[in-house]
*Asks:* 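Next up is a structure, given as C-alpha coordinates.
Order of listing sets the numbers, starting from 1, for every ligand and every atom in it.
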Amino acid sequence: MALWGGRFDTPTDALVWQFNQSLPFDRKMWREDITGSIAHARMLGVQGIIPAADADALVAGLVTLRDDIDAGTAELPPDAEDIHSAVEQLLRERLGPAVAGKLHTGRSRNDQVATDIRLWLRGRCDTLKLALHGLRKQLVELADANPDAILPGRTHHQHAQPVYLAHHLLAYFWMLGRDESRIVDARIRMNLLPLGAGALAGTPYPLNRHMVAAELGFDGVFENSLDAVGDRDFAIEVTAACSITMMHLSRFAEEIVLWMSPEFGFIELSDAVTTGSSIMPQKKNPDVAELIRGKSGRVYGDLVTLLTLMKGLVLAYNKDLQEDKEPLFDAVETTELCVTLMQRMLSDAKFKKDRMLASMHGDFSTATDLADALAVDGVPFREAHEIVGRVVRGSIEAGVGLEDLTLADLQQYDVRFTARALDAITPTASANARTSYGGTARTSIDHQLVQARIALGL
Ligand code: ARG
(Lines give C-alpha, C1' and ligand atoms only; values in the text may rest on other atoms or scores of the structure.)
Protein backbone atom coordinates (compact mmCIF):
# COMPACT_ATOMS: atom_id res chain seq x y z
CA MET A 1 0.00 0.00 0.00
CA ALA A 2 1.28 3.45 -0.91
CA LEU A 3 1.65 6.36 1.49
CA TRP A 4 0.64 8.85 -1.17
CA GLY A 5 -2.66 7.72 -2.80
CA GLY A 6 -4.67 10.95 -2.36
CA ARG A 7 -4.08 12.73 -5.64
CA PHE A 8 -4.16 9.69 -7.95
CA ASP A 9 -7.16 8.38 -9.93
CA THR A 10 -5.82 5.10 -11.21
CA PRO A 11 -3.64 2.60 -9.39
CA THR A 12 0.07 2.24 -10.10
CA ASP A 13 1.02 -0.14 -12.89
CA ALA A 14 2.22 -3.41 -11.34
CA LEU A 15 5.59 -3.31 -13.08
CA VAL A 16 6.09 0.31 -12.08
CA TRP A 17 5.29 -0.61 -8.48
CA GLN A 18 7.90 -3.35 -8.58
CA PHE A 19 10.42 -1.08 -10.30
CA ASN A 20 9.90 1.63 -7.71
CA GLN A 21 9.92 -0.66 -4.68
CA SER A 22 13.00 -0.73 -2.45
CA LEU A 23 11.74 -2.96 0.38
CA PRO A 24 13.51 -6.05 -1.00
CA PHE A 25 16.85 -4.42 -0.16
CA ASP A 26 16.20 -1.55 2.28
CA ARG A 27 14.49 -3.96 4.73
CA LYS A 28 18.02 -4.46 6.05
CA MET A 29 17.57 -1.11 7.83
CA TRP A 30 14.33 -2.03 9.64
CA ARG A 31 15.85 -1.71 13.10
CA GLU A 32 17.44 1.67 12.35
CA ASP A 33 14.17 2.90 10.84
CA ILE A 34 12.32 2.06 14.06
CA THR A 35 15.09 3.51 16.26
CA GLY A 36 14.94 6.79 14.34
CA SER A 37 11.14 6.88 14.58
CA ILE A 38 11.24 6.34 18.34
CA ALA A 39 13.52 9.34 18.79
CA HIS A 40 11.37 11.44 16.44
CA ALA A 41 8.10 10.49 18.20
CA ARG A 42 9.53 11.22 21.63
CA MET A 43 10.74 14.63 20.49
CA LEU A 44 7.34 15.45 18.92
CA GLY A 45 5.76 14.79 22.32
CA VAL A 46 8.30 16.76 24.34
CA GLN A 47 7.97 19.72 21.99
CA GLY A 48 4.18 19.61 22.24
CA ILE A 49 3.90 19.13 18.47
CA ILE A 50 1.68 16.11 19.12
CA PRO A 51 -0.08 15.28 22.43
CA ALA A 52 2.20 13.59 24.96
CA ALA A 53 -0.19 10.62 25.19
CA ASP A 54 0.07 10.04 21.43
CA ALA A 55 3.84 10.27 21.58
CA ASP A 56 3.90 7.73 24.39
CA ALA A 57 1.65 5.40 22.42
CA LEU A 58 3.84 5.76 19.33
CA VAL A 59 7.03 5.05 21.30
CA ALA A 60 5.48 2.04 23.05
CA GLY A 61 4.07 0.76 19.76
CA LEU A 62 7.42 1.08 18.02
CA VAL A 63 9.29 -0.63 20.87
CA THR A 64 6.84 -3.55 20.81
CA LEU A 65 7.08 -3.73 17.05
CA ARG A 66 10.85 -3.91 17.25
CA ASP A 67 10.67 -6.72 19.80
CA ASP A 68 8.12 -8.59 17.72
CA ILE A 69 10.16 -8.37 14.51
CA ASP A 70 13.19 -9.52 16.52
CA ALA A 71 11.21 -12.44 17.93
CA GLY A 72 9.82 -13.30 14.50
CA THR A 73 6.23 -12.68 15.58
CA ALA A 74 5.77 -9.69 13.27
CA GLU A 75 6.71 -9.56 9.61
CA LEU A 76 7.30 -6.71 7.26
CA PRO A 77 4.46 -6.55 4.72
CA PRO A 78 6.12 -7.69 1.48
CA ASP A 79 4.00 -5.42 -0.71
CA ALA A 80 5.12 -2.21 1.04
CA GLU A 81 6.96 0.33 -1.10
CA ASP A 82 9.98 0.66 1.17
CA ILE A 83 11.08 0.05 4.75
CA HIS A 84 9.62 3.35 5.93
CA SER A 85 6.17 2.52 4.53
CA ALA A 86 6.41 -1.02 5.87
CA VAL A 87 7.08 0.09 9.44
CA GLU A 88 4.38 2.74 9.28
CA GLN A 89 1.87 0.21 7.90
CA LEU A 90 2.56 -2.22 10.77
CA LEU A 91 2.21 0.59 13.27
CA ARG A 92 -1.08 1.65 11.74
CA GLU A 93 -2.44 -1.88 12.03
CA ARG A 94 -1.53 -1.89 15.72
CA LEU A 95 -2.31 1.66 16.86
CA GLY A 96 -4.90 2.70 14.33
CA PRO A 97 -4.56 5.58 11.84
CA ALA A 98 -5.47 8.32 14.33
CA VAL A 99 -2.31 7.80 16.37
CA ALA A 100 0.02 6.10 13.85
CA GLY A 101 -0.75 8.85 11.36
CA LYS A 102 0.92 11.42 13.63
CA LEU A 103 4.39 9.84 13.47
CA HIS A 104 5.23 11.41 10.13
CA THR A 105 4.62 14.97 11.42
CA GLY A 106 7.55 17.24 10.55
CA ARG A 107 9.36 14.48 8.71
CA SER A 108 9.80 13.22 5.17
CA ARG A 109 11.06 9.90 3.91
CA ASN A 110 13.92 11.91 2.42
CA ASP A 111 15.41 12.93 5.76
CA GLN A 112 14.28 9.62 7.23
CA VAL A 113 16.18 7.47 4.74
CA ALA A 114 19.29 9.63 5.04
CA THR A 115 19.14 9.07 8.81
CA ASP A 116 18.52 5.33 8.53
CA ILE A 117 21.49 4.75 6.22
CA ARG A 118 23.77 6.68 8.54
CA LEU A 119 22.59 4.69 11.55
CA TRP A 120 23.03 1.40 9.69
CA LEU A 121 26.42 2.33 8.27
CA ARG A 122 27.70 3.58 11.60
CA GLY A 123 27.08 0.12 13.05
CA ARG A 124 28.80 -1.58 10.14
CA CYS A 125 31.79 0.75 10.43
CA ASP A 126 32.15 -0.43 14.03
CA THR A 127 32.06 -4.13 13.09
CA LEU A 128 34.39 -3.59 10.13
CA LYS A 129 36.83 -1.80 12.40
CA LEU A 130 36.72 -4.75 14.81
CA ALA A 131 37.32 -7.19 11.96
CA LEU A 132 40.32 -5.18 10.76
CA HIS A 133 41.64 -5.01 14.28
CA GLY A 134 41.33 -8.80 14.56
CA LEU A 135 43.22 -9.37 11.32
CA ARG A 136 45.97 -7.00 12.38
CA LYS A 137 46.30 -8.80 15.70
CA GLN A 138 46.55 -12.07 13.80
CA LEU A 139 49.42 -10.67 11.74
CA VAL A 140 51.31 -9.68 14.89
CA GLU A 141 50.76 -13.17 16.31
CA LEU A 142 52.11 -14.73 13.11
CA ALA A 143 55.11 -12.42 13.19
CA ASP A 144 55.76 -13.55 16.77
CA ALA A 145 55.26 -17.22 15.95
CA ASN A 146 57.69 -17.16 13.01
CA PRO A 147 60.63 -15.16 14.35
CA ASP A 148 63.41 -16.61 12.21
CA ALA A 149 61.78 -17.31 8.84
CA ILE A 150 63.44 -15.35 6.05
CA LEU A 151 62.19 -15.15 2.48
CA PRO A 152 63.45 -13.45 -0.65
CA GLY A 153 62.17 -9.88 -0.67
CA ARG A 154 61.30 -8.85 -4.20
CA THR A 155 61.40 -5.88 -6.52
CA HIS A 156 60.11 -6.33 -10.09
CA HIS A 157 59.04 -9.72 -8.69
CA GLN A 158 62.70 -10.77 -8.85
CA HIS A 159 64.66 -11.84 -5.78
CA ALA A 160 66.08 -8.61 -4.40
CA GLN A 161 67.21 -8.84 -0.76
CA PRO A 162 66.36 -11.28 2.03
CA VAL A 163 63.70 -10.07 4.46
CA TYR A 164 62.19 -11.62 7.53
CA LEU A 165 58.72 -13.09 7.04
CA ALA A 166 57.70 -11.09 10.12
CA HIS A 167 58.70 -7.90 8.33
CA HIS A 168 56.69 -8.88 5.26
CA LEU A 169 53.60 -9.68 7.35
CA LEU A 170 53.92 -6.46 9.30
CA ALA A 171 53.88 -4.47 6.07
CA TYR A 172 50.25 -5.62 5.75
CA PHE A 173 49.68 -4.76 9.40
CA TRP A 174 50.45 -1.10 8.71
CA MET A 175 48.45 -1.01 5.48
CA LEU A 176 45.42 -2.40 7.30
CA GLY A 177 45.99 0.15 10.06
CA ARG A 178 45.49 2.93 7.53
CA ASP A 179 42.32 1.16 6.40
CA GLU A 180 41.09 1.05 9.96
CA SER A 181 41.77 4.76 10.44
CA ARG A 182 39.98 5.62 7.18
CA ILE A 183 36.87 3.87 8.49
CA VAL A 184 37.12 5.65 11.85
CA ASP A 185 37.59 8.94 10.06
CA ALA A 186 34.62 8.42 7.72
CA ARG A 187 32.46 7.47 10.68
CA ILE A 188 33.26 10.77 12.41
CA ARG A 189 32.22 12.80 9.34
CA MET A 190 29.07 10.73 8.78
CA ASN A 191 27.81 11.22 12.33
CA LEU A 192 25.53 14.23 11.73
CA LEU A 193 21.74 14.05 11.91
CA PRO A 194 19.80 14.78 8.69
CA LEU A 195 16.36 14.28 10.32
CA GLY A 196 14.47 17.55 10.62
CA ALA A 197 15.44 18.63 7.12
CA GLY A 198 12.01 17.53 5.94
CA ALA A 199 11.64 16.81 2.25
CA LEU A 200 14.25 19.45 1.38
CA ALA A 201 13.51 22.86 2.87
CA GLY A 202 13.06 22.24 6.60
CA THR A 203 9.71 22.10 8.41
CA PRO A 204 7.39 24.65 10.02
CA TYR A 205 7.18 22.63 13.27
CA PRO A 206 9.26 23.62 16.31
CA LEU A 207 11.39 20.47 16.15
CA ASN A 208 14.25 19.93 18.55
CA ARG A 209 16.78 18.37 16.22
CA HIS A 210 19.53 18.43 18.83
CA MET A 211 17.42 16.33 21.16
CA VAL A 212 16.93 13.72 18.42
CA ALA A 213 20.63 13.86 17.57
CA ALA A 214 21.59 13.24 21.19
CA GLU A 215 19.18 10.33 21.55
CA LEU A 216 20.48 8.70 18.37
CA GLY A 217 24.15 9.26 19.25
CA PHE A 218 24.86 11.82 16.51
CA ASP A 219 27.53 14.43 17.21
CA GLY A 220 25.48 17.25 15.72
CA VAL A 221 22.88 18.16 13.10
CA PHE A 222 23.16 19.21 9.45
CA GLU A 223 23.33 22.98 9.05
CA ASN A 224 21.64 22.92 5.65
CA SER A 225 18.46 20.98 4.87
CA LEU A 226 19.26 20.60 1.14
CA ASP A 227 22.66 19.18 1.96
CA ALA A 228 21.14 16.90 4.62
CA VAL A 229 18.80 15.09 2.22
CA GLY A 230 21.00 15.28 -0.88
CA ASP A 231 24.31 14.12 0.57
CA ARG A 232 25.71 10.64 0.03
CA ASP A 233 29.40 11.52 0.51
CA PHE A 234 29.52 9.33 3.57
CA ALA A 235 28.48 6.26 1.55
CA ILE A 236 31.12 7.01 -1.07
CA GLU A 237 33.79 7.57 1.57
CA VAL A 238 33.16 4.25 3.25
CA THR A 239 32.97 2.43 -0.08
CA ALA A 240 36.25 4.07 -1.11
CA ALA A 241 37.83 2.97 2.16
CA CYS A 242 36.46 -0.54 1.55
CA SER A 243 37.90 -0.50 -1.97
CA ILE A 244 41.36 0.37 -0.66
CA THR A 245 41.04 -2.35 1.99
CA MET A 246 40.06 -4.86 -0.71
CA MET A 247 43.00 -3.73 -2.84
CA HIS A 248 45.30 -4.50 0.11
CA LEU A 249 43.64 -7.85 0.72
CA SER A 250 43.92 -8.72 -2.97
CA ARG A 251 47.67 -8.11 -2.92
CA PHE A 252 48.09 -10.33 0.10
CA ALA A 253 45.72 -12.94 -1.37
CA GLU A 254 47.77 -13.02 -4.56
CA GLU A 255 50.93 -13.65 -2.56
CA ILE A 256 49.24 -16.45 -0.63
CA VAL A 257 48.12 -18.08 -3.89
CA LEU A 258 51.70 -17.86 -5.19
CA TRP A 259 53.20 -19.11 -1.92
CA MET A 260 50.83 -22.09 -1.99
CA SER A 261 52.04 -23.19 -5.44
CA PRO A 262 54.61 -26.02 -5.60
CA GLU A 263 57.23 -23.69 -7.10
CA PHE A 264 57.13 -21.61 -3.91
CA GLY A 265 55.81 -23.96 -1.24
CA PHE A 266 56.16 -21.18 1.36
CA ILE A 267 52.77 -21.73 3.00
CA GLU A 268 50.49 -24.61 3.89
CA LEU A 269 46.84 -23.67 4.41
CA SER A 270 44.70 -25.91 6.58
CA ASP A 271 42.18 -28.34 5.10
CA ALA A 272 39.41 -26.31 6.70
CA VAL A 273 40.07 -23.28 4.49
CA THR A 274 40.96 -25.01 1.22
CA THR A 275 38.94 -26.99 -1.30
CA GLY A 276 39.49 -29.94 -3.61
CA SER A 277 38.81 -30.66 -7.24
CA SER A 278 35.98 -32.78 -8.61
CA ILE A 279 38.31 -34.31 -11.20
CA MET A 280 41.90 -34.03 -9.92
CA PRO A 281 42.19 -36.01 -6.68
CA GLN A 282 45.48 -34.44 -5.67
CA LYS A 283 44.26 -30.83 -5.66
CA LYS A 284 44.17 -28.57 -2.61
CA ASN A 285 43.13 -25.14 -3.77
CA PRO A 286 43.41 -21.75 -2.02
CA ASP A 287 39.86 -20.75 -3.00
CA VAL A 288 39.44 -18.36 -0.09
CA ALA A 289 42.44 -16.32 -1.18
CA GLU A 290 41.28 -16.42 -4.80
CA LEU A 291 37.79 -15.28 -3.86
CA ILE A 292 39.12 -12.44 -1.74
CA ARG A 293 41.23 -11.36 -4.71
CA GLY A 294 38.21 -11.67 -7.00
CA LYS A 295 35.78 -9.87 -4.74
CA SER A 296 37.96 -6.76 -4.77
CA GLY A 297 36.58 -6.20 -8.29
CA ARG A 298 33.01 -6.10 -7.13
CA VAL A 299 33.74 -3.63 -4.34
CA TYR A 300 35.50 -1.33 -6.83
CA GLY A 301 32.36 -1.70 -8.96
CA ASP A 302 30.25 -0.58 -6.00
CA LEU A 303 32.42 2.53 -5.67
CA VAL A 304 32.12 3.40 -9.35
CA THR A 305 28.36 2.80 -9.14
CA LEU A 306 28.01 5.28 -6.28
CA LEU A 307 30.24 7.92 -7.85
CA THR A 308 28.35 7.64 -11.12
CA LEU A 309 25.02 7.74 -9.29
CA MET A 310 25.90 11.08 -7.69
CA LYS A 311 27.57 12.67 -10.70
CA GLY A 312 25.61 15.64 -11.97
CA LEU A 313 22.71 14.97 -9.58
CA VAL A 314 20.87 18.24 -8.92
CA LEU A 315 19.78 19.19 -5.41
CA ALA A 316 18.09 17.92 -3.43
CA TYR A 317 16.46 14.44 -3.25
CA ASN A 318 16.12 12.49 -6.49
CA LYS A 319 14.86 8.94 -6.72
CA ASP A 320 18.25 7.98 -8.15
CA LEU A 321 19.36 8.04 -4.51
CA GLN A 322 17.40 4.87 -3.85
CA GLU A 323 20.08 3.13 -5.93
CA ASP A 324 22.68 3.94 -3.25
CA LYS A 325 21.78 1.07 -0.94
CA GLU A 326 22.65 -2.09 -2.82
CA PRO A 327 26.22 -1.06 -3.74
CA LEU A 328 26.83 0.38 -0.27
CA PHE A 329 25.50 -2.69 1.55
CA ASP A 330 27.42 -4.96 -0.79
CA ALA A 331 30.69 -3.07 -0.36
CA VAL A 332 30.71 -3.05 3.43
CA GLU A 333 29.38 -6.58 3.84
CA THR A 334 31.79 -8.04 1.27
CA THR A 335 34.74 -6.23 2.79
CA GLU A 336 33.94 -7.30 6.33
CA LEU A 337 33.51 -10.90 5.20
CA CYS A 338 36.82 -10.86 3.33
CA VAL A 339 38.68 -9.36 6.28
CA THR A 340 37.19 -12.00 8.58
CA LEU A 341 38.04 -14.82 6.20
CA MET A 342 41.57 -13.58 5.67
CA GLN A 343 42.07 -13.80 9.40
CA ARG A 344 40.50 -17.26 9.52
CA MET A 345 42.71 -18.48 6.68
CA LEU A 346 45.87 -17.17 8.33
CA SER A 347 44.96 -18.38 11.82
CA ASP A 348 46.12 -21.94 11.16
CA ALA A 349 48.45 -21.37 8.21
CA LYS A 350 51.90 -22.99 8.43
CA PHE A 351 54.87 -21.12 7.04
CA LYS A 352 57.69 -23.23 5.57
CA LYS A 353 60.90 -21.51 6.54
CA ASP A 354 63.12 -24.23 5.03
CA ARG A 355 61.51 -23.74 1.62
CA MET A 356 61.95 -20.00 1.95
CA LEU A 357 65.64 -20.41 2.76
CA ALA A 358 66.18 -22.96 0.00
CA SER A 359 64.63 -20.60 -2.55
CA MET A 360 67.45 -18.14 -1.91
CA HIS A 361 70.19 -20.65 -2.70
CA GLY A 362 72.09 -19.37 -5.72
CA ASP A 363 69.82 -16.35 -6.18
CA PHE A 364 72.52 -13.66 -5.53
CA SER A 365 70.09 -11.81 -3.27
CA THR A 366 72.96 -10.91 -0.95
CA ALA A 367 75.06 -9.32 -3.71
CA THR A 368 74.34 -5.88 -2.21
CA ASP A 369 75.86 -7.10 1.06
CA LEU A 370 78.98 -8.19 -0.77
CA ALA A 371 79.31 -4.71 -2.26
CA ASP A 372 78.60 -3.14 1.16
CA ALA A 373 81.38 -5.28 2.68
CA LEU A 374 83.85 -3.93 0.14
CA ALA A 375 82.61 -0.40 0.77
CA VAL A 376 83.15 -0.82 4.51
CA ASP A 377 86.71 -1.83 3.70
CA GLY A 378 87.19 1.48 1.91
CA VAL A 379 86.24 0.75 -1.72
CA PRO A 380 83.90 3.44 -3.12
CA PHE A 381 80.39 1.92 -3.39
CA ARG A 382 80.10 2.55 -7.14
CA GLU A 383 83.34 0.66 -7.73
CA ALA A 384 82.28 -2.09 -5.30
CA HIS A 385 78.98 -2.44 -7.23
CA GLU A 386 80.96 -2.92 -10.46
CA ILE A 387 83.26 -5.52 -8.89
CA VAL A 388 80.37 -7.52 -7.42
CA GLY A 389 78.59 -7.33 -10.77
CA ARG A 390 81.57 -9.15 -12.25
CA VAL A 391 81.48 -11.68 -9.40
CA VAL A 392 77.82 -12.38 -10.19
CA ARG A 393 78.46 -12.73 -13.91
CA GLY A 394 81.43 -15.03 -13.32
CA SER A 395 79.47 -17.15 -10.85
CA ILE A 396 76.52 -17.53 -13.22
CA GLU A 397 78.96 -18.68 -15.92
CA ALA A 398 80.56 -21.14 -13.48
CA GLY A 399 77.13 -22.34 -12.33
CA VAL A 400 77.70 -21.48 -8.65
CA GLY A 401 76.02 -19.19 -6.13
CA LEU A 402 77.61 -16.54 -3.91
CA GLU A 403 77.41 -18.87 -0.93
CA ASP A 404 79.64 -21.38 -2.80
CA LEU A 405 82.54 -18.94 -3.14
CA THR A 406 85.65 -19.00 -0.93
CA LEU A 407 87.63 -15.91 0.04
CA ALA A 408 90.27 -16.95 -2.48
CA ASP A 409 87.59 -17.10 -5.21
CA LEU A 410 86.50 -13.57 -4.32
CA GLN A 411 90.00 -12.22 -4.22
CA GLN A 412 90.48 -13.32 -7.82
CA TYR A 413 88.02 -10.57 -8.67
CA ASP A 414 89.52 -8.06 -6.25
CA VAL A 415 92.24 -8.45 -3.67
CA ARG A 416 90.50 -6.03 -1.33
CA PHE A 417 87.86 -8.65 -0.37
CA THR A 418 88.28 -9.70 3.27
CA ALA A 419 86.64 -12.31 5.55
CA ARG A 420 83.98 -9.67 6.26
CA ALA A 421 82.57 -10.39 2.79
CA LEU A 422 81.98 -14.09 3.49
CA ASP A 423 80.27 -13.30 6.80
CA ALA A 424 77.97 -10.81 5.11
CA ILE A 425 76.43 -12.97 2.41
CA THR A 426 74.19 -15.35 4.33
CA PRO A 427 70.49 -14.43 4.20
CA THR A 428 70.43 -14.06 7.99
CA ALA A 429 73.45 -11.75 8.06
CA SER A 430 72.01 -9.78 5.14
CA ALA A 431 68.63 -9.26 6.81
CA ASN A 432 70.15 -8.48 10.18
CA ALA A 433 72.46 -5.90 8.63
CA ARG A 434 69.47 -3.71 7.74
CA THR A 435 69.26 -2.10 11.13
CA SER A 436 67.88 1.24 9.90
CA TYR A 437 64.63 2.37 11.52
CA GLY A 438 61.84 0.44 9.84
CA GLY A 439 64.31 -1.99 8.24
CA THR A 440 64.22 -5.78 8.27
CA ALA A 441 66.94 -6.45 10.89
CA ARG A 442 65.68 -8.52 13.79
CA THR A 443 66.41 -5.62 16.13
CA SER A 444 64.38 -3.22 13.98
CA ILE A 445 61.51 -5.71 13.74
CA ASP A 446 61.50 -6.09 17.53
CA HIS A 447 61.05 -2.33 17.77
CA GLN A 448 58.39 -2.46 15.04
CA LEU A 449 56.50 -5.12 16.99
CA VAL A 450 56.49 -2.86 20.04
CA GLN A 451 55.00 -0.08 17.90
CA ALA A 452 52.48 -2.51 16.42
CA ARG A 453 51.29 -3.59 19.86
CA ILE A 454 50.96 0.06 20.88
CA ALA A 455 48.94 0.71 17.72
CA LEU A 456 46.64 -2.18 18.67
CA GLY A 457 46.30 -0.80 22.18
CA LEU A 458 47.92 -3.95 23.65
N1 ARG B 1 12.99 4.36 -0.74
C2 ARG B 1 13.43 5.71 -0.85
C3 ARG B 1 14.95 5.75 -0.99
O4 ARG B 1 15.57 4.82 -0.71
C5 ARG B 1 13.03 6.48 0.35
C6 ARG B 1 12.85 7.92 0.10
C7 ARG B 1 11.66 8.11 -0.74
N8 ARG B 1 11.43 9.50 -1.01
C9 ARG B 1 10.63 9.90 -1.97
N10 ARG B 1 10.53 11.17 -2.13
N11 ARG B 1 10.02 9.07 -2.79
O12 ARG B 1 15.49 6.73 -1.40
*Asks:* Establish, yes or no, whether the cationic atom of R118 lies under 6.0 Å from the six-membered ring centre of F234 and within 45° of the ring axis.
*Replies:* yes
*Asks:* Could you pull out the closest heavy-atom pair between D369 and S430, with the gap in Å?
*Replies:* OD2-OG, 2.8 Å
*Asks:* Do the ring centers of H84 and W30 come within less than 6.0 Å of each other?
*Replies:* no
*Asks:* For the CE atom of M190 and the CD1 atom of I188, what is their distance to the nearest 0.5 Å?
*Replies:* 10.0 Å
*Asks:* Could you pull out the N/O contacts under 3.5 angstrom between ligand 1 and the surrounding protein atoms?
*Replies:*
unit_1: ligand 1; atom_1: 1 (N); unit_2: S22; atom_2: OG; d: 3.1
unit_1: ligand 1; atom_1: 1 (N); unit_2: D82; atom_2: OD2; d: 3.2
unit_1: ligand 1; atom_1: 1 (N); unit_2: Q322; atom_2: OE1; d: 2.8
unit_1: ligand 1; atom_1: 4 (O); unit_2: K325; atom_2: NZ; d: 2.6
unit_1: ligand 1; atom_1: 8 (N); unit_2: N110; atom_2: OD1; d: 2.8
unit_1: ligand 1; atom_1: 10 (N); unit_2: N110; atom_2: OD1; d: 3.1
unit_1: ligand 1; atom_1: 12 (O); unit_2: Y317; atom_2: OH; d: 2.5

*Asks:* Mind running salt bridge (Lys or Arg N to Asp or Glu O under 4.0 Å) on E323 and R232 for me, showing each step along the way?
*Replies:* CA-CA 11 Å; E323 289 290 308; R232 293 294 183 272; over 6 Å; no
*Asks:* Please round to the nearest 0.5 Å and tell me the distance separating atom NZ of K28 and atom CD1 of I117.
*Replies:* 13.5 Å
